[in-house]
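Single-structure report; data block below.
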Amino acid sequence: MTQREVLFTGVGGQGVQIASKALAMAALAEGRDVLLLPSYGGFMRGGKTNAGLTLGDGPLRALPVITSAWSAFVMDQAFWETVRPNLAAGAVVVVNSSLFSLEVEVPRAQVFAVPASDMATALGSPMSAAFLMLGAFAAVTGVVGVESVVGAMRQLVPAYREQHVAANARAIEAGAASVPTLAAPAWPDVAVRS
Amino acid sequence: MTVPTVPTRPIAPTVPTRGTVKIDVEACKGCDLCIDACRPGVLTMTTDRFNQRGYRFPELRAGCTACRACAQVCPDFVFQVWKFDTPVELPEGPVPDAALHRDVERQREQRS
Amino acid sequence: MTTRLMQGSEAVAEAALAAGCRFFSGYPMTPFTELLENMGRKLPGAGGVCMNAASEIEAVNMTIGAAATGARVATGSCGQGLALMQEGIAELALNELPAVIFNMARGQQDYFQATRGGGWGDYRTITLAPRDVPEAVEHTQLLFYLADRYRTPVVLYGDYVIAHSTVGIDVQPIEFPATAPKDWALDGSMSGTGRARQIWTWALGKPNTPGPGPNGSWELIAEKYDQIGRAEARHEAYRTDDADVVLVSFGTTSVFVDSVVDELREDGVRVGSFRPITLWPFPGDALEQATRGCAHVLVYELNAGQLVDDVRMHAADRSVIRSIGGVSQDPSGMRQGDLLNADILRHRVRDALGLTPQGATS
Amino acid sequence: MSSQLVVEFKPKLLQSSEHELCPGCGHSVAFRVVLDVVEELDLKPVLLAGHGCYTQLMVQSDLDSLQCLHGRAPAAATGVKRMLPTTPVITLQGDGDMVTEGLHEILHAAARGEQFTALLFNNGVFGDTGGHLTATTVVGQRTKTSLEGRDPALHGYPLNIGQLLAQVEGAAYVARGAVNSAGMIARTQRMVRRALELQLEGAGFTFVEILTMCPTGWFVPTSEGPEYLEDAMITTFGIGELKAPPG
């Protein structure tokens with residue numbers, strides 16, 4: 001059984017929690033087991049907001065606190081140091097290069113830089129930067145299909161924000177198009193599935 | 001001719017009485033609340049007799065109006081109030097069958 | 001089967017509803033808050049009531065009233081909030097009222113609170129400590145059954161991780177044996193019949209139907225808790241059959257312990273894991289058996305040493321017991337800290353056994 | 001000569017009239033008022049009582065009863081009423097229970113507009129513990145914890161719970177009666193009746209405070225209890241409906 005871990009990090013308000021939940025939901029829809037544990041401070045916005053997600057193609061023996069993760073989803077460099085020590089050597093690190101200019105000091109890391117905030121702003125929907133990142137993450141790893149991300153996003157966006165669905169979908173597609181597809185495949189059989 | 005003498009046996013004065021109460025003497029704790037509450041003033045506390053728990057208790061004199069005040073103010077559920085269909089004249093003074101001694105009643109029940 | 005992505009708090013709420021819970025009261029407190037939110041969202045649709053209590057004291061007393069009507073009821077909080085509820089929990093126990101208390105703890109420092117209680121009188125609370133969300137869903141339903149079966153308050157010892165973990169899960173109702181009809185429940189129907197009922201910890205009864213009184217009642221309750229102690233202890237022993245080393249832990253921590261057991265087994269260390277599932281009644285006989293002949297009994301709990309007291313009472317050889325956990329809280333104070341970590345645990349076990357960090361036996 | 005029984009020794013809803021309350025105690029007088037109304041209205045309520053001298057009256061009553069933790073009867077009653085919305089629910093607390101220890105619970109229950117009737121038997125003293133200062137002990141009153149009399153500089157002032165509750169939106173009916181005379185008892189009985197009728201109508205939270213005599217706690221002869229109640233308590237708190245729906 002293959003198990004994949006994703007550590008999310010960012011600053012409250014950037015969409016890290018909804019992105020982690022969308023990825024979990026997309027994976028569940030594709031029949032995988034998931035365990036997601038968010039962690040954030042007492043403030044609604046502006047503080048550390050991390051999450052750890054474990055995905056598996058069978059029943060998980062997952063630890064809710066991840067110390068050797070396969071990948072990172074880095075929305076912002078502010079709390080990068082809370083994630084870096086818990087990445088395995090060779091980790092797949094997708095960073096929002098609009099808000100990240102550090103060295104990725106992880107042995108043999110495969111780093112993919114996506115200027116997600118700038119791209120989302122250019123698309124006219126700066127709030128969809130996290131979904132743009134998620135589109136890129138899905139495309140580069142194939143951990144879930146890009147269309148599954150769009151599906152999960154539709155379910156997660158509350159009805160009173162329905163007007164953002166189209167913008168988010170565009171952002172997901174733009175993110176997916178901005179990276180080399182399956183450059184760092186998550187699953188052994190991923191090429192077959194996609 | 002001798003004029004017959006009118007008998008001089010005094011006729012006892014009577015009091016108009018519209019009801020009566022039974023007094024559960026043994027339940028009483030002698031608090032006096034009924035005495036002040038009694039509107040016609042026909043309840044008086046004993047001064048030289050006590051119930052088995054050592055409390056003084058109220059006694060009824062003729063003139064009860066069945067106004068219920070005694071029962072309403074009594075903390076110890078001592079009074080049972082009866083109203084007569086038609087008022088009667090009772091001789092002034094204690095109403096002898098008002099006091100209810102529960103032990104006596106109970107013995108009577110056991111006998112019957 | 002409809003697997004849905006659900007936070008642990010939502011899954012536990014669904015399990016409570018599946019078990020027939022119809023009354024819930026609580027006061028927000030992280031990480032219990034999401035359970036309260038979910039009960040508030042779901043109970044009205046199931047014909048139930050969820051109350052925003054004005055304090056934990058009010059919450060538990062509302063629960064006492066609702067339980068007295070015979071409904072399946074629950075309340076909850078954590079740490080300080082449960083401290084406020086202790087008088088009410090004792091009252092539930094000594095009134096023999098069934099209720100489920102959800103302790104979504106901020107860590108593992110409330111083991112004593114859960115197993116020893118801080119109320120008054122001779123009482124106990126059956127306390128289940130699930131290791132993850134699916135087990136929490138199962139335990140929640142079991143607890144409603146046990147509460148009714150024994151007419152006692154019972155406790156779910158969850159935590160931040162269980163409350164906030166999001167998993168794909170399908171909450172299905174579990175069938176349990178029927179429990180006795182609640183002929184003691186108050187609904188006013190016996191008022192004025194000469195046979196009115198009364199619930200009071202003094203158990204005096206009414207003049208027409210006298211009760212056993214405090215002493216008699218409390219003796220009966222003590223007997224009941226003795227019986228529960230013999231009948232309801234639950235545990236999990238993992239790879240202990242041939243173990244020289246037994247790691248003892250509870251709740252979420254056990255997930256980490258079992259993972260480290262697997263790793264150390266690969267290194268050839270004969271290690272197993274023992275976990276009380278019921279913190280009370282403590283599975284003492286099972287622990288005695290699992291630790292017989294062991295060279296090391298290592299207790300990993302994230303506090304200054306609470307579970308270790310129960311281990312000392314029951315392990316086969318007290319001289320081999322050591323605590324390798326410790327106080328561990330994250331900066332927010334609302335969840336476990338650094339020690340909830342497989343790497344740290346592995347190092348501590350290896351240190352305790354005198355093994356080199358590389359894995360070779362020294 | 002024929003006659004009609006107009007008042008039985010004890011109310012039907014008492015299983016026994018024996019109690020251990022002191023001579024001249026107003027609690028059983030007030031409880032009779034309550035039971036008479038319950039009987040008149042032919043109700044089958046659940047009664048929740050706090051901790052105090054009146055608790056033994058709950059025991060004697062022929063009402064389904066729950067004894068509650070000190071001060072918490074309004075919270076427990078909330079649980080009962082929310083589960084049994086068509087059952088009349090009555091709480092019975094003393095001033096120590098409701099106003100001293102349980103102020104939080106009674107105010108919040110009122111604010112939520114809980115559909116039960118809360119009764120306060122207020123004698124201004126912890127009777128059950130032997131005569132100590134409560135939140136309604138009037139200025140100047142001597143208790144075992146205010147031996148020289150309640151001194152505002154030292155003990156503060158008594159709380160007027162009726163006034164507090166009358167301000168609360170969720171409270172539909174707030175009244176204060178007393179049991180120091182037959183006339184006052186009759187008036188109080190009408191208040192209790194109105195409160196219970198309003199509960200049946202679902203009007204909201206209903207409250208009747210009944211001032212009761214505690215000659216033992218007040219250090220006065222039993223026969224002077226009613227007069228002391230008048231002078232000390234009615235003068236401080238007043239009598240009447242503080243809040244009632246029109247009609």
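Proteins come first, then strands; the chains are lettered A, B, ... in the order of their sequence lines, and each starts at number 1. Since this is a predicted model, take the numbers as computed values, not measurements.
More than 12 heavy atoms of other residues, nucleotides or ligands shown are found within 6.0 angstrom of CZ on D:Arg193.
The CD atom of B:Glu26 sits 11.0 Å away from atom CD of D:Glu18, with the distance rounded to the nearest 0.5 Å.
Contact annotation for residues 211-232 of chain D against chain B (heavy-atom separation below 4.5 Å, listed by residue number): D:Met213, D:Thr222, D:Ser223, D:Pro226. Proximity to chain D among residues 72-79 of chain B is limited to B:Gln72, B:Val73, B:Cys74, B:Pro75, B:Asp76, B:Phe77, B:Val78, B:Phe79, judged by heavy-atom separations below 4.5 angstrom. Using non-hydrogen atoms only and a strict 4.5 Å limit, the part of residues 54-65 of chain B facing chain D consists of B:Tyr55. The contact list for residues 24-37 of chain D toward chain B, using heavy atoms and a distance under 4.5 Å, reads D:Gly24, D:Cys25, D:Ser28, D:Val29, D:Arg32 by residue number.
Looking at D:Leu5, both its backbone and its side chain come within 4.5 Å of chain B, counting heavy atoms on both sides. The parts of D:Val6 that come within reach of chain B are both its backbone and its side chain, each placing non-hydrogen atoms under 4.5 angstrom from that chain.
Closest approach of B:Ala71 to D:Val7, counting heavy atoms only: CB-CG1, 3.7 Å. Taking each heavy atom of D:His19 and B:Lys29 in turn, the nearest pair found is O-NZ, 3.0 Å.
No donor-acceptor pair under 3.5 Å is formed between the side chain of B:Lys22 and the backbone N or O of D:Phe9.
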